[in-house]
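Structure first, then comments.
Quick note: residue numbers are just sequence positions, from 1.
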Amino acid sequence: MKLLSFSWNNSVRVGVYTEKGVLDLPSAYMSIYETTEAPSFLYDMKSLIGSDEPALAMVRDLVNKALRSGDTALFRDPNAITWLPPVSNPEKILCVAVNYRAHGEESQAKPLDRPYFFPKFPNALIGHNQPILKPRVSKQVDWEVELALIIGRRGKYIDVNRALDYVFGYLILNDVSMRDWQFPSKEPYGMDWIYGKSMDSSTPVGPYIVTRDEVQDPHNLRLVLRVNGNVEQDDNTKNLIFKIPELIHWASQGITLKPGDYISTGTPSGVGFPKGKFLRNGDFVEAEIEKIGTLRNTVIEE
């Protein structure tokens with residue numbers, strides 16, 4: 001399934017992206033079961049993920065019944081909804097630095113013997129078709145297409161051989177970065193990850209979560225990022241240095257991963273900083289990953 005969060009008539013709800021449009025799950029539940037209320041997890045993605053397989057089974061059943069019913073009123077036009085971050089209230093957003101060798105070469109950074117994580121905050125999250133805010137304090141706003149995953153089960157010290165069992169699904173993350181704040185390294189403290197990575201609306205995610213069962217091999221997916229139609233990044237997740245099981249294993253060392261947490265896997269080469277190219281007001285950014293979809297956002301000046 002392709003699960004998304006969206007706003008409709010001033011109400012936040014969970015939907016399923018289908019060939020007929022976005023199935024409005026609360027509306028479908030009330031219509032199909034003739035009730036006046038729908039379960040609370042149909043209004044909150046993190047709650048749905050935490051409710052695990054019983055809730056997902058009900059959602060799959062709703063999708064099947066809605067598609068068979070022919071009731072077009074249960075489906076929303078994808079162009080008429082407000083797309084939200086699939087999980088807007090995660091406890092954690094963990095990103096990985098330098099997880100493709102070519103990106104390490106272009107940024108003059110050597111890979112380490114284990115993943116190097118940095119955090120982003122929920123204030124940075126925006127959904128599909130929502131504007132990337134170019135902060136008035138930054139002149140070097142950069143792009144980074146990444147495959148991300150959503151954690152589906154609570155876990156700590158997760159065995160690398162069981163790590164994929166903790167994946168709920170996959171989505172696209174654009175790790176928009178303010179390079180003039182991130183760099184240079186301020187010794188002895190290092191790079192400024194907070195200002196460089198977590199200014200408002202600097203993390204488009206989505207457009208939806210593709211559940212794990214629909215992505216047979218997350219380590220063989222093409223990633224492409226375009227700015228105004230021009231290809232800037234083009235690579236494949238087979239070139240990840242640390243694969244997803246290793247990332248989950250290391251992320252869970254001493255830290256409890258919880259349903260709804262994001263882990264992003266890093267970006268390939270082709271970012272703007274080494275080329276002296278940065279995002280400008282009006283730029284149209286498309287981050288595309290095979291078997292996931294395309295995340296589209298326009299840059300606006302603050």
Margin query: Could you see if L94 belongs to whatever hydrophobic cluster contains I244? Use Ile, Leu, Val, Met, Phe, Trp, Tyr and a side-chain cutoff under 4.5 Å.
Written below: yes
Next item on the list: Step by step, work out the salt bridge (charged side-chain N to carboxylate O under 4.0 Å, His left out) result for K275 and E232.
Entry: CA-CA 10 Å; K275 299 181 280 192; E232 299 289 351; 2.6 Å; yes
Check: With no hydrogens and no angle check, is any side-chain donor or acceptor of S202 less than 3.5 Å from a backbone partner on A124?
Finding: no
Check: Salt-bridged, D283 to K134, with N to O below 4.0 Å?
Finding: no
Next item on the list: Show your reasoning for whether side chain to side chain contact (heavy atoms under 4.5 Å, CB included) applies to L125 and S88.
Entry: CA-CA 7 Å; L125 295 175; S88 60; 5.7 Å; no
Note to self: Just by distance, no angles: are the side chains of S264 and E146 close enough, under 3.5 Å, to form a donor-acceptor pair?
What the structure shows: yes
Next item on the list: Using modelled atom types only, decide if a donor and an acceptor are shared between the side chain of T256 and the backbone of K156 within a distance under 3.5 Å.
Entry: no
Checklist line | Same cluster (ILVMFWY, side-chain, under 4.5 Å), L48 and F6 | finding: no
Notebook entry, point to check: Any side-chain heavy atom of F41 sitting closer than 4.5 Å to one from M58?
Noted result: yes
Item checked: Test item: L62 and Y33 side chains (from C-beta on) under 4.5 Å apart, heavy atoms -> yes
Note to self: According to side-chain contact (heavy atoms from CB on, under 4.5 Å), who are the partners of R60, at least two apart in sequence or on a separate chain?
What the structure shows: M1, E53, L56, A57
Notebook entry, point to check: Do L257 and I263 pass the side chain to side chain contact (heavy atoms under 4.5 Å, CB included) test, and can you show the C-alpha distance, the side-chain angles, and the key distance before you say yes or no?
Noted result: CA-CA 10 Å; L257 300 180; I263 296 179; 4.1 Å; yes
Note to self: Can you confirm whether the side chains of Q233 and S269 place a donor and an acceptor under 3.5 Å from each other?
What the structure shows: no
Check: Between H128 and W83, how do the two ring planes meet: parallel, tilted or perpendicular, split at 30° and 60°?
Finding: perpendicular
Notebook entry, point to check: Does any non-hydrogen side-chain atom of N297 lie less than 4.5 Å from one of P204?
Noted result: yes
Note to self: Using only atom types and a distance under 3.5 Å, with no angle test, would you say the side chain of N99 pairs donor to acceptor with the backbone of L240?
What the structure shows: no
Notebook entry, point to check: Hey, are K139 and D180 close enough for a salt bridge, meaning a charged N less than 4.0 Å from a carboxylate O?
Noted result: no
Margin query: Set out, in order, the CA-CA distance, both residues' side-chain angles and the distance that settles salt bridge (charged side-chain N to carboxylate O under 4.0 Å, His left out) for R13 and D44, then state yes or no.
Written below: CA-CA 6 Å; R13 46 195 60 211; D44 178 67; over 6 Å; no
Next item on the list: Locate the shortest heavy-atom distance separating T237 from N220; write the atom from each residue and the value.
Entry: OG1-N, 3.1 Å
Check: Is the shortest heavy-atom distance from the side chain of L84 to the side chain of V12 under 4.5 Å?
Finding: yes
Check: Side-chain contact, heavy-atom cut-off 4.5 Å: L279 with W143?
Finding: yes
Next item on the list: Return the minimal non-hydrogen interatomic distance between N236 and Y100, and the atom names on each side.
Entry: O-CE2, 3.4 Å
Note to self: Whether the side chain of Y262 engages the backbone of V205 through a donor-acceptor N/O pair (distance < 3.5 Å, no angle test) should be reported.
What the structure shows: no
Note to self: According to a hydrophobic-cluster definition based on side-chain heavy atoms being under 4.5 Å apart (Ile, Leu, Val, Met, Phe, Trp, Tyr only), do I150 and L164 belong together?
What the structure shows: no
Notebook entry, point to check: Picking from I132, V176, L173, what satisfies side chain to side chain contact (heavy atoms under 4.5 Å, CB included) with T203?
Noted result: L173
Next item on the list: Test I172 against L147 for side chain to side chain contact (heavy atoms under 4.5 Å, CB included), laying out the working first.
Entry: CA-CA 5 Å; I172 304 165; L147 174 67; over 6 Å; no
Checklist line | Heavy atoms from other residues, nucleotides or ligands near CZ of F278 exceed 12 (cutoff 6.0 Å) | finding: yes
Margin query: Between D235 and R222, is the salt bridge (charged side-chain N to carboxylate O under 4.0 Å, His left out) condition met? List the steps.
Written below: CA-CA 6 Å; D235 208 324; R222 185 184 180 193; over 6 Å; no
Next item on the list: May I ask whether L221 and V96 are part of the same hydrophobic cluster, defined by side-chain heavy atoms of I, L, V, M, F, W, Y residues being less than 4.5 angstrom apart, directly or through others?
Entry: yes
Next item on the list: Could you give me the CA-CA distance, side-chain angles and deciding distance for T211 and D213, then say whether side chain to side chain donor-acceptor pair (under 3.5 Å) is met?
Entry: CA-CA 6 Å; T211 51; D213 58 292; 2.8 Å; yes
Margin query: Do K46 and P90 make a side-chain contact, defined as non-hydrogen atoms from C-beta onward lying under 4.5 Å apart?
Written below: no
Next item on the list: Keeping the roles fixed (side chain from D142, backbone from G272), state whether a donor-acceptor pair exists under 3.5 Å.
Entry: yes
Margin query: In the structure I gave you, are the side-chain heavy atoms of M45 and L3 within less than 4.5 Å of one another anywhere?
Written below: yes
Next item on the list: Kindly check if the number of other-residue, nucleotide or ligand heavy atoms within 6.0 Å of CD (Q253) is above 12?
Entry: yes
Check: Is there a donor-acceptor pair closer than 3.5 Å between any side-chain N or O of E302 and the backbone N or O of R136?
Finding: yes
Note to self: Evaluate L295 against E286 for side chain to side chain contact (heavy atoms under 4.5 Å, CB included), listing each step before the verdict.
What the structure shows: CA-CA 6 Å; L295 175 65; E286 298 171 284; over 6 Å; no
Check: Does some side-chain heavy atom of V16 sit less than 4.5 Å from a side-chain heavy atom of V59?
Finding: yes
Item checked: Closest approach of P119 to S198 (non-hydrogen atoms, all atoms of both residues) -> O-OG, 4.0 Å
Checklist line | Working for salt bridge (charged side-chain N to carboxylate O under 4.0 Å, His left out), residues E288 and R226 | finding: CA-CA 8 Å; E288 181 177 355; R226 295 179 291 270; 2.8 Å; yes
Next item on the list: Compare every heavy atom of S177 with every heavy atom of Q182, then report the nearest pair and how far apart it is.
Entry: OE1-CB, 4.0 Å
Notebook entry, point to check: Just by modelled atom types, is the H249 backbone N or O under 3.5 Å from a matching donor or acceptor in the S252 side chain?
Noted result: yes
Next item on the list: Following the transitive rule for hydrophobic clusters with a side-chain heavy-atom cut-off under 4.5 Å over Ile, Leu, Val, Met, Phe, Trp and Tyr, establish whether V299 and V141 coincide in one cluster.
Entry: yes
Check: Okay, side chain of K2, backbone of I209: is any donor-acceptor separation there less than 3.5 Å?
Finding: no
Next item on the list: Count the heavy atoms of every other residue, nucleotide or ligand shown that sit under 6.0 Å from NZ of K20, and state whether that count exceeds 12.
Entry: yes
Check: Are any side-chain N or O atoms of R212 and backbone N or O atoms of V167, one a donor and one an acceptor, separated by less than 3.5 Å?
Finding: yes
Notebook entry, point to check: Which atom pair, heavy atoms only, marks the closest approach of L23 to A28?
Noted result: CD1-CB, 3.8 Å
